[in-house]
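The next block holds one structure in the form of C-alpha cells; read it before the comments.
Side chains included, hydrogens not; waters and symmetry mates left out as well; all remaining heavy atoms used. Below, read A as the first sequence line, B as the second, and so on, with proteins coming before strands; counting in each chain starts at 1.
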2 protein chains.
Amino acid sequence: MKIGELAMRTGCRVVTIRYYEREGLLPEPERSEANYRLYGETHVERLAFIRHCRALDMTLDEIRALLACHDDPEGTCHRADVLIDEHLTHVKARIAQLQALEDTLVALRARCQGQRSAAECGILNALAQPPRDAALNEDAEHVPGTHPRR
Amino acid sequence: MKIGELAMRTGCRVVTIRYYEREGLLPEPERSEANYRLYGETHVERLAFIRHCRALDMTLDEIRALLACHDDPEGTCHRADVLIDEHLTHVKARIAQLQALEDTLVALRARCQGQRSAAECGILNALAQPPRDAALNEDAEHVPGTHPRR
DNA sequence: ACACACCCTATAGTCTGTATAGGGTCAAGC
DNA sequence: GCTTGACCCTATACAGACTATAGGGTGTGT
C-alpha cells in the first residue's frame, strides 16, 4: 500500500510517517517505479505500536528503546518494564504539579469578578506581587504542556 | 543594575531575559557606555510578573495579553478574568487526560513482572495490539508535556 | 488534453527557551 | 603594565515532535 493508505489505517498523518522514517523508528520501505513508498502489514503493526506509545505520551527515545526490546524477542523484557515504570512516575508527578497549579489558579480567579478597573483588579495585582505559595515560587520547576500544540 | 543582578533577583536566567526582550515582553532597557543593559525596579517587577505567569504555565501570548491589561490601568480587567478562566479550563482538561493515561499505564504495567522473555512480555504484546480503550484510541488527542524540557 | 488527487524532496517554521562561538569590559592581583 | 577571571555583548544553531510551504512528478478519469 502507498503512504496515504498507511496513514488512513493508522490515524497518522503522511508527513508524520515520513518523519518517523527519518528518525529511524520506521524502516525504509520498498519503492515503486515512480519512487513511491510501498508498505506491508509489518509496517502497519510497527506504526500502530509507535502511535500507541505516543498516545501514552512516551518520547520517541523511549519508543526507540521499546522497539529495540520488541525486535529482540530472545532478550529479556526487563528494560521495557523499567521504562514503563519510569514513565508512570513522570505522569504521576505531572498530575500532582498540575493539581497544585489548578488550586492556585482557582484562588487567583476568586480575587476578581471583572467589575473593576484593571488598576484595582485582584488578579493583576496578585500577579504583580512576588509569588508566595509553592506553585508560585520562582524556584518551582516549570510545568509545561498545558497547551497542546497542533 | 546589570542583567546578572536582575537574573539573580528574579530567578530567571540571563539568556532568558534577553529572549523576553526580543519577544517584546520586557521593554528595552538603557545601555551603559560599554553597551551593557541597565535595569531599574520597574524591570524587576515586570519580570517577576512574567515569571509568575510562566509558573502558572501560561503561554507568552497569554502573558502579553495580561501585560497589556496591566499597562492600561484605566481599562477593564475583564479580559484578564476571561484569560484566567480559559487557562483554568485547559489545566483541568489536561489533568483529566493525564489521569486516564495513568490508569492505562498502571494496567499495562500489571501485565508483566519482567520474568519472561521479550516475546512473551505482556507489555510489549499489549503495545503491539490495536488500542482498545479511550486513552489508547488513535483518535484520542495526544497529551504532551509529561517530560519537562530543560 | 486537462483536472485533480496523490506522491516526492527540501527547507523553514512552531514554542520556549538552551547551548555555543567569538568577541568586548572591568576590577583585582602580580 | 599585564594577566586572570567574572561578567557582558551579538549571532546562530539546537531541542522535540511535528507542521507548513514551495516546487515538482505520477496516475486516473473525463
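Rounded to whole Å, the distance from CE on B:M8 to C1' on D:dC7 is 12 Å. Summarising the geometry, the separation between CZ on B:R22 and P on C:dC15 is reported as 15 Å, rounded to the nearest angstrom. Atom-to-atom, CE of B:M58 to P of C:dC15 comes out at 18 Å; the value is rounded to the nearest Å. Rounded to whole Å, atom P of C:dC6 lies 15 Å from atom CG of A:L6. As rounded to whole Å, 13 Å separates atom P of C:dA19 from atom CZ of B:R18. Atom pair B:R13:CZ and C:dT20:P shows a separation of 12 Å (rounding to whole Å applied). C:dT16 atom C1' lies 10 Å from atom CD1 of B:I63, rounded to whole Å. In this structure, A:M1 atom CE and C:dC6 atom C1' are separated by 16 Å, rounded to whole Å.
The side chain of B:Y19 sits closest to C:dT16 out of C:dC7, C:dT18, C:dT16. With D:dC8, C:dT16, D:dT19 as the choices, the nucleotide that has an atom nearest any side-chain atom of A:V15 turns out to be D:dT19. Comparing C:dG17, C:dT18, C:dC7 by their nearest atom to the side chain of A:K2 picks out C:dC7. Side-chain proximity of A:L60 to the nucleotides C:dG17, D:dC18, D:dC8 is greatest for D:dC18.
Although no hydrogens or angles enter the test, the distance criterion places a donor-acceptor pair under 3.5 Å between the side chain of B:R46 and the main chain of B:L25. Put simply, the side chain of B:T16 never gets that close to the backbone of B:C12: no donor and acceptor are under 3.5 Å apart. Side chain of B:H87 to main chain of B:L56: a donor-acceptor pair is present (N/O by atom type, distance under 3.5 Å, no hydrogens or angles).
Scored by the side-chain contact (heavy atoms from CB on, under 4.5 Å) test, B:C53 finds A:L127, B:F49, B:M58, B:I63, B:L66 as partners (sequence neighbours excluded).
Within the 4.5 Å cutoff, side-chain heavy atoms of B:I50 are placed close to those of B:L26.
Residue A:R54 has a polar side-chain atom (N or O) positioned under 4.0 Å from OP1 or OP2 of D:dC18.
Salt bridge annotation for A:R37-A:E30: absent, with no cationic side-chain nitrogen under 4.0 angstrom from a carboxylate oxygen.
Residue-to-nucleotide proximity on DNA chain C shows that, of A:I3 and B:T16, the 5′-proximal contact is made by A:I3.
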Yes or no on salt bridge (charged side-chain N to carboxylate O under 4.0 Å, His left out) for A:E41 and A:R9, after CA distance, side-chain angles and deciding distance?
-> CA-CA 11 Å; A:E41 289 306 313; A:R9 286 186 53 185; 3.0 Å; yes
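Annotation: proximity of residues 23-46 of chain A to DNA chain D (heavy atom, distance under 4.0 Å) is found for A:A34, A:Y36, numbered in ascending order.
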